[in-house]
K.L.:
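Dropping a structure here in structure tokens format, bear with me for questions.
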Amino acid sequence: MKLFGGNSNRVLADSIAQYLEIPLGQAMVRRFADQEVFVEIKENVRGEDVFIVQSTSYPANDHLMELLIMIDAMRRASARRITAVLPYFGYARQDRKAGGRTPISAKLVANIITEAGADRVMTLDLHAGQIQGFFDIPTDNLFAVPLLSRDVKEHQDLDDLMVVSPDVGGVVRARSLAKRLDAPLAIVDKRRDRPGESEVMNIIGDVTGRNCILIDDIIDSGGTLCNAADALMRAGANSASAYITHGVLSGGAVTRISASSLKELVITDSIQPTKAVLEAPNIRVITTANLLGEAIQRTASEESVSSLFD
């Protein structure tokens, strides 16, 4: 087994290598003057089981091309099996036609990764589980809920705890966390009466006096999450914290979160946190290195990955 990392999340790749107690593979990734990506693998991978860690986070297109070219380089170097490890799978939000004459970009990206030469894909908390079916190669969708539930038990006030889904689409994920914490479940119902008007937030469930834990897979601008936290506090909640797997946090999201009524936002390192994220007073980052490392180890030794979540 050999592990390589792209430039999107080098820190996580190093942490996974430390967990597996193997050195991170040597690969040179550089750009020509016109920003073309060039990759050179600096060690022999012939006949090896190769894992490439690369989140397709911002800048998504650059990191995606880097991943594709690394896969192609491994394939041409006669690697026995190539597994693309994408802690964050970009374009996952484009998983269906949202309107007329729009693409299904998640399927397109899945096709491109397959055609580049990947034999297997491993990812974490896909935005929609059915994206696994977009790939024509084996795909492991790992779940962060066990990791998040452990952190809730260690760092949050478990008295009067309530798990809250920020929208109807995230109920399955929220129910899974609520079951592990033996806590009740509430739902934030988002409605937009007319285009361009602010969202109306309705709470399904009684959150009065509760310590609420919002859970979701992606936080981007942070607007919806901050609105949900405000709605919970107006409904009588004692506190509102959030656990999100992928901290995209684009634009002014960090500033918005810092000034919000959120007691704490906990994200994973599936996307390498920026300096602003690390310095934010109410944002905390937990690592997925052990989870991904164990899944990689089990895949390499042909053991069960799903048993990680039993």
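Residue indices begin at 1 and follow the sequence shown.
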K.L.:
In plain terms, say whether E66 and R31 are close enough for a salt bridge, that is, a side-chain N and a carboxylate O under 4.0 Å apart.
P.N.:
yes
K.L.:
Do N211 and D160 pair up side chain to side chain, a donor and an acceptor below 3.5 Å, judged on atom types alone?
P.N.:
no
K.L.:
Applying salt bridge (charged side-chain N to carboxylate O under 4.0 Å, His left out), can you list everything that pairs with D140, at least two apart in sequence or on another chain?
P.N.:
R120
K.L.:
Do we see a donor-acceptor contact under 3.5 Å between the side chains of T123 and N141?
P.N.:
no
K.L.:
Is a donor on one side and an acceptor on the other found under 3.5 Å between the side chain of R256 and the backbone of S221?
P.N.:
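Confirmed, R256 side chain pairs with S221 backbone.
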K.L.:
Dump the intermediate steps for side-chain hydrogen bond (donor to acceptor under 3.5 Å, both in side chains) on Q156 and Y243, then the final yes or no.
P.N.:
CA-CA 11 Å; Q156 302 298 329; Y243 278 75; 3.1 Å; yes
K.L.:
Checking the side chain of H127 only, and the main-chain atoms of F89 only, is there a donor and an acceptor separated by less than 3.5 Å?
P.N.:
no
K.L.:
Any Lys/Arg nitrogen of K42 or E40 sitting under 4.0 Å from an Asp/Glu carboxylate oxygen of the other?
P.N.:
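E40 and K42: salt-bridged.
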K.L.:
Residues sharing V11's hydrophobic cluster, by side-chain heavy-atom contacts under 4.5 Å among ILVMFWY, directly or via others?
P.N.:
none
K.L.:
Strictly below 4.0 Å, N to O, side chains only: are R234 and D230 in salt-bridge contact?
P.N.:
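Here R234 does not pair with D230 in a salt bridge, since their nearest N and O are not under 4.0 Å apart.
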K.L.:
Counting only N and O atoms by type, is there a donor-acceptor contact under 3.5 Å from the side chain of D217 to the main-chain atoms of H246?
P.N.:
no
K.L.:
Strictly below 4.0 Å, N to O, side chains only: are E294 and R298 in salt-bridge contact?
P.N.:
yes
K.L.:
Could you tell me whether K2 and E43 make a salt bridge, using a distance below 4.0 angstrom between a side-chain N and a carboxylate O?
P.N.:
yes
K.L.:
Do any N or O atoms from the side chain of D119 and from the backbone of I137 form a donor-acceptor pair under 3.5 angstrom?
P.N.:
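Such a contact is absent between D119 side chain and I137 backbone.
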